Trainee: 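Once you've had a glance at the structure underneath, I'll fire off some questions.
Quick caveat: nothing in here was measured; it's all calculated off a predicted structure. Letters A, B, ... mirror the listed sequences (proteins, then strands); counts begin at 1. The analysis underlying the following values was restricted to heavy atoms, covering all of them including side chains, and did not include hydrogens, waters or symmetry mates.
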Amino acid sequence: MYADIIVDISQEQLDKTFQYRIPPELENEVQIGVMVQIPFGRGNRLLTGYVIGIGSTPKIPAEKIKDIDSVSQSGIQAVGRMIQLAAWLKKQYGSTMNQALKTVLPVKEKVRQKEKKTVRLAVSKEKAAEYLALYEKKNAVARVRLLKALCKTDENGLDTAVLKEQYQITTQTIQALEKQNVITVETQELYRNPVRETAPGQERLILNEAQQKAVTQFCTQFDAGERKPWLLYGVTGSGKTLCYIEMIQHVTAQGKQAIVLIPEIALTFQTVQRFYRRFGSQVSVLHSRMSKGERYDQFLRAMRGEISIMIGPRSALFTPFTNLGLIIMDEEHEGAYKSEQAPRYHARETAVHIAKMCGAGVVFGSATPSVEAFYRAKKNEYTLLELPRRASGTLPAVYTVDLREELKCGNRSVFSRRLQELIQRRLAAKEQIILFLNKRGYAGFVSCRMCGHVLKCPHCDISLTEHKNGKMVCHYCGYEQPRVTRCPVCGSKYISGFRAGTQQIEEAVKKMYPQARVLRMDMDTTAGKEGHEKILAAFSAQEADILVGTQMIVKGHDFPNVTLVGVLAADMSLYAGDYRAAERTFELLTQAAGRAGRGRQAGEVVIQTYTPQHYSIAAAAAQNYEQFYEEEIAFRSIMDYPPVCNMLMVTLSSKNEEQLLAACTFLKEVIPEWKKEQVRITGPVAAGVYKRNDYYNQVVYLKATAYEKLTACKDRLETLCRENTLFRSIGLQFDFN
DNA sequence: AGCACGCCGACT
DNA sequence: GTCGGCGTGCTC
């Protein structure tokens, strides 16, 4: 048997696997994730490596393969565990081992950032000049370059990175001169602490009855060794964060560490601040804007036990704590918890798996739990903890407005009469308003009003979007072309963008309420580094009366002075063409409604819609999650969608359309025999976006009750792709559920 | 990263 | 000829 071993993940040139023979006496001990000592290089110096795969076929001539020296039992277990986790990700979600390793260990790259090596002269300038003359005479050009560079700079010396890049100095030269005591090399480890210093322990902590009950139940069960995940279902504004804080307090007091997952850090900085205030420097944050080096620093700090709480997006799951006790996943229903790249893992399942590996607990929290999570809670796979009431104040009153009726009555504006009236009243009362457009910013296709021709991207087969700079852009591949003034098909002048973005709403508001101060939040206005925070802070400081925005304004913010939320077109997300559209609509409406009336004054919500009878809108208006859930789970059962079953979408892509179609025809013949194994198969069919980035795409959908059936199918497809020449040019992508 | 190999100018 | 130094490529 042979083992694939990764030698040193910190070195880019060694970022590949090496195959070693497993001696018979070690066969039981060598497993994926285990740390081993291996002879490496000509000198056979013993290095530490990690086993990332085991197989029986040598990939290079067998005589070149050396034996594994020994298995190290000790060492940093956390890293081994991460590698085991990578193997699990690969198996569960489909990817290469390399991709899986890269998601789990954002380590490599820029290790030199962690160690700064500074080179200084160890002798006087005069002496240095002597050496310089000597080396010049000896034609030791590299040493001359190095000395000249050092003489030019002051006693602060030069960084090795600078020397290597600007002066083409190699490590050997530096080492040689160091040996001769001409220069000194000083290494210092540096890492930045992203935590802004805030005084800990100031927050007043009074749990209300429901919160106390939930926290106590968690603590009792946790201490009793119960490790079934908990689902904290609490309506908007019920104080889930406070519960998390207490739970973490309980677990960290036992010397364990905690990971707090949040969907997107920029959108939840208020939450993060609360953790700082409570736990101070024990907390670290993983920022999406952080460089790889900075992230690596945070992982190091976690591994060394310098911090005990890590807050961050889904990648924070892979923090190598040595004694992990608790994983908290806030806003569990968020789409951001699913990775967009292979391995396309979902943080929910991965968190459960990690917790199992470490003996830790998992707490999911949401005001609108995903159908999956609630389904599991119903099946008693999760323990349900409830916070049925707001911590302060009551839930807002919700009105649904039928836009068809408005139109019949001659109201053509984007605001219904109800909404207009309420806005007027809030402005007078100096209270704040949020207007939510259920759609991303300026986007809109460009069509000819005469012939109906729609402009499309030549590479991607999807409609182009008009941008404010006058260009037309493809969102998938970035293709750009100038705006057209005449229809390329019929020559008509009546061609223009279909505009219904936040910018239009903002203009309409300004026209109708000239006295109001308006802020807009969408992709355009948040482009800057801290765009989100700036706008949110300004609105929070009541520098504006009305905030207009898309999805991003409704997520988890706390503005006590907002008493009116207007949802301008609730149906916009209803026909997105995937089985989660209704769920997403309900979620957005509920979350949006949850922004109103969080302070002393009661709040009101207006939902404008063309389909008030749709169950997701009706349930959101009634603010009744269970009502929605019952309807939705019935729909999923009838249609056979997750969570009732498991689903796998396989995308086959190729630049060569013929080969792609040939492979699909082959699949159509082969696949039916898989159906014996209780796997339901549709396709292959052309993907929604058939051509993207010059790649043609076909998709196959597989459904099965047991998840393992699908992973088995995934493996079969992978082998097929590797071994069958028909699949030479074809790439596979897997997407579960 | 560390190590060896091959190349090149300088020195005895 | 030989020696010291440099750059490159490989490591299962």
Trainee: Strictly below 4.0 Å: does A/Arg143 bring a side-chain N or O up to OP1 or OP2 of C/dG5?
Mentor: yes

Trainee: For A/Ile6 and C/dT11, give me the distance from atom CD1 to atom P, rounded to whole Å.
Mentor: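 Answer to the nearest Å: 16 Å.
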
Trainee: Quiz question: by atom type and distance under 3.5 Å, do the side chains of A/Arg81 and A/Gln84 form a donor-acceptor pair?
Mentor: no

Trainee: Please tell me which of the listed nucleotides, B/dA1, C/dC6, B/dA4, lies nearest to the side chain of A/Ala142?
Mentor: C/dC6

Trainee: What is the distance, rounded to the nearest whole Å, between atom CD1 of A/Ile38 and atom P of B/dA1?
Mentor: 17 Å

Trainee: In whole angstroms, how far is the P atom of C/dC12 from the NZ atom of A/Lys66?
Mentor: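 Rounded to whole Å, this separation is 4 Å.
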
Trainee: Closest approach of A/Glu349 and A/Trp88, non-hydrogen atoms and distance?
Mentor: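 Where A/Glu349 meets A/Trp88 most closely, the heavy atoms are O-CH2, 4.0 Å.
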
Trainee: Once you round it to whole Å, what is the distance between C1' of B/dA1 and CZ of A/Phe18?
Mentor: 11 Å

Trainee: Do you know the tightest heavy-atom contact between A/Asp330 and A/Tyr337?
Mentor: O-OH, 2.6 Å

Trainee: Side-chain donor-acceptor contacts of residues 29-45 of chain A below 3.5 Å, not counting sequence neighbours, with atom names and distances?
Mentor:
residue	atom	partner	partner atom	Å
A/Gln31	NE2	A/Asn28	O	3.4
A/Gln37	OE1	A/Thr48	OG1	3.2
A/Asn44	OD1	A/Lys66	NZ	2.4

Trainee: Between A/Lys64 and C/dC12, does any side-chain N or O lie under 4.0 Å from OP1 or OP2?
Mentor: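 Negative; the distance criterion is not met.
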
Trainee: State which residues pass side-chain hydrogen bond (donor to acceptor under 3.5 Å, both in side chains) with A/Gln659; sequence neighbours excluded, sorted by chain then number.
Mentor: A/Ser729

Trainee: Rounded to the nearest Å, what distance is computed from the CZ atom of residue A/Arg45 to the C1' atom of nucleotide B/dC3?
Mentor: 7 Å

Trainee: Between A/Gln19 (CD) and C/dC10 (C1'), how many Å, whole number?
Mentor: 17 Å

Trainee: Rounded to the Å, how far apart are A/Asn44 CG and B/dA4 P?
Mentor: 11 Å

Trainee: Does anything in residues 55-62 of chain A come within less than 4.0 Å of DNA chain C? Heavy atoms only, and list the residues if so.
Mentor: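 Nucleic-acid contacts, sorted: A/Ile60.
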
Trainee: How many whole angstroms separate atom CG of A/Leu47 from atom C1' of C/dC12?
Mentor: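 It is 12 Å, rounded to the nearest whole Å.
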
Trainee: Given 3.5 Å as the limit, does a donor-acceptor pair link the side chain of A/Gln733 with the main chain of A/Val650, or not?
Mentor: no

Trainee: Ignoring hydrogens and angles, state whether a donor on the side chain of A/Ser284 or A/Gln298 is under 3.5 Å from an acceptor on the partner side chain.
Mentor: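 Note: A/Ser284 and A/Gln298 side chains meet the donor-acceptor criterion.
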
